[in-house]
Number of protein chains: 2
Amino acid sequence: MVDLPRWLTDDDRHTWLAFLYAQTLLLEQIEQDLQRDAGMPLAYYQILVILSEHPGGALRMSELASAAFFSRSRLSHAIDRMEKSGWIRREACPSDRRGSIAALTDAGRRVLEEAAPGHVESVRRHLFDQLSDREASELRDVCEKLVRYLLRSLNVSAPSVLPNDYFGVQPGDSLNDARSLP
Amino acid sequence: MVDLPRWLTDDDRHTWLAFLYAQTLLLEQIEQDLQRDAGMPLAYYQILVILSEHPGGALRMSELASAAFFSRSRLSHAIDRMEKSGWIRREACPSDRRGSIAALTDAGRRVLEEAAPGHVESVRRHLFDQLSDREASELRDVCEKLVRYLLRSLNVSAPSVLPNDYFGVQPGDSLNDARSLP
DNA sequence: CCGATCTGGTTGATGCTTCAACGAACGTCG
DNA sequence: CGACGTTCGTTGAAGCATCAACCAGATCGG
């Protein structure tokens, strides 16, 4: 006995394609801008941001990985390259001899400060300039709902460092305002 | 004289992060399901879908590239690998001796038919089961608006094969209903 | 017809990600 | 203590994407 596949409705199919294409094209555009202006992919920018927002500009590898939604392996390779660029320095962890700490260097902080204005401008132009306030807020609500679900479904354990407070379980939670580099 | 950078408002920053994380986590989840169940990345699945929806299951490389939002180079490499898997066959183009045509093989069609039900189920579970009808339709509207803008901004020329009719310039355009594999 | 230019597609090098495997340090429990 | 399972981080290989260079065929202007 065979389960007949249940296709999507036309509406849902169009929604899915619209999401897929919007996501593809928007990220492509923003990545291109960032690559051209700052010579780094968005993922690396995010690493720099997370470190810069953390007191001391340093974080255990595994905390950094979960804050950025990176696998340990991906992070390890990425930090390799950023270390070669001089943006990050690895330090030993005093409390756990297995551990390793990624610390922002002065060069890393500088490169982030130089990249940030252009990147913010790019996000504004390609995303927020195209949407009304109402649309932006609808987009936010939908995305936050998805993130809450996906964090439960995918990981089981939510990251403990950064976006923890953004997408807390209880819908009424107060939001974190880490107000530094975007 | 220095332009002070104009940061995003807190609202916009949260919206951007929500979008970024939702997109990352959702795609990661769906890609994982597809990779596990069908042994292919989402991008390759999309290629197979586009071909299967085209009469004859064949398309010029450059049309295929623009329909899938691939660069020529990316497509060429991808078709290399799919040809090795036996899913696609390259044919000469009769009308233009430079040209090359990618044609779905029987094995390619079979692998797509086997992959589709699981993939559709994955999209349904991770996306539509999490949203109300109202939320899905808000998401669609926002994404279609972004796609229309991005097609204009990025490419200048919209793809001529598939999603042409989905995201036409005039908001009132009739939507294409290529009703086959999702 | 001929040279200049443009388009379609491929290629190779390089960059980033994933996957599987691993060693070293930690924690626990007999 | 000592064996066991677990966590931390790294590594190498393989998969996929991007970038720049390139050739062959088409196209256009004299």
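Labels below follow one simple rule: chain letters A, B, ... track the order of the sequence lines, proteins then strands, and each chain is numbered from 1.
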- [ ] For B/Ser76, answer base if it contacts any base atom (sugar-phosphate contacts may also be present), sugar-phosphate if it contacts only those atoms, and nothing otherwise; contact means non-hydrogen atoms under 4.0 Å.
- [x] base
Considering every strand and a 4.0 Å limit on heavy-atom distances, what is the contact class for A/Arg97: base, sugar-phosphate, or nothing? sugar-phosphate
Using atom [atom1] of [X] as one end and atom [atom2] of [N] as the other, report the distance to the nearest whole Å.
| X | N | atom1 | atom2 | result |
| --- | --- | --- | --- | --- |
| A/Glu83 | C/dG15 | CD | C1' | 18 Å |
| B/Gln46 | D/dC16 | CD | P | 15 Å |
| A/Glu28 | D/dA17 | CD | P | 12 Å |
| B/Leu75 | D/dT18 | CG | P | 12 Å |
| B/Arg60 | C/dT10 | CZ | C1' | 14 Å |
| A/Arg74 | D/dG9 | CZ | C1' | 17 Å |
| A/Arg36 | D/dT18 | CZ | P | 16 Å |
| B/Phe69 | D/dA17 | CZ | P | 16 Å |

Nearest heavy-atom contact between A/Ala102 and A/Ile88 is CB-CG2, 4.2 Å
DNA chain C nearest-nucleotide lookup for A/Pro41 and B/Asp80: closer to the 5′ end is B/Asp80
**Message:** I'd like to know whether CG of A/Asp106 has more than 12 heavy-atom contacts from other residues, nucleotides or ligands below 6.0 angstrom.
**Reply:** no
field: A/Arg36 atom CZ, over 12 foreign heavy atoms within 6.0 Å
entry: yes
Of A/Arg90 and A/Arg98, the one whose closest nucleotide on DNA chain D sits nearer the 5' end is A/Arg98
Determine, for B/Lys145 against A/Glu138, whether the closest basic-nitrogen to carboxylate-oxygen distance falls under 4.0 angstrom. no
Q) Is it true that B/Arg124 and B/Glu121 have a side-chain N and a carboxylate O under 4.0 angstrom from each other? A) yes
Would you say the side chain of B/His77 and the base of D/dG15 hold a donor-acceptor pair, judged only by whether the two atoms sit under 3.5 Å apart?
-> no
Margin query: When you measure only distances, ignoring hydrogens and angles, does the side chain of A/Ser73 come within 3.5 Å of the base of C/dC19 through a donor and an acceptor?
Written below: yes
Look at the side chain of [X] and decide which nucleotide, out of [options], has an atom nearest to it.
| X | options | result |
| --- | --- | --- |
| B/Arg81 | D/dA26, D/dC16, D/dT10 | D/dC16 |
| B/Asp96 | D/dA17, C/dT17, D/dG25 | D/dG25 |
| B/Tyr44 | D/dG25, D/dC16, C/dA25 | D/dC16 |

Practice item. May I ask you to verify if any side-chain N or O of B/Ser62 is less than 4.0 angstrom from the OP1 or OP2 atom of C/dT7? Key: no
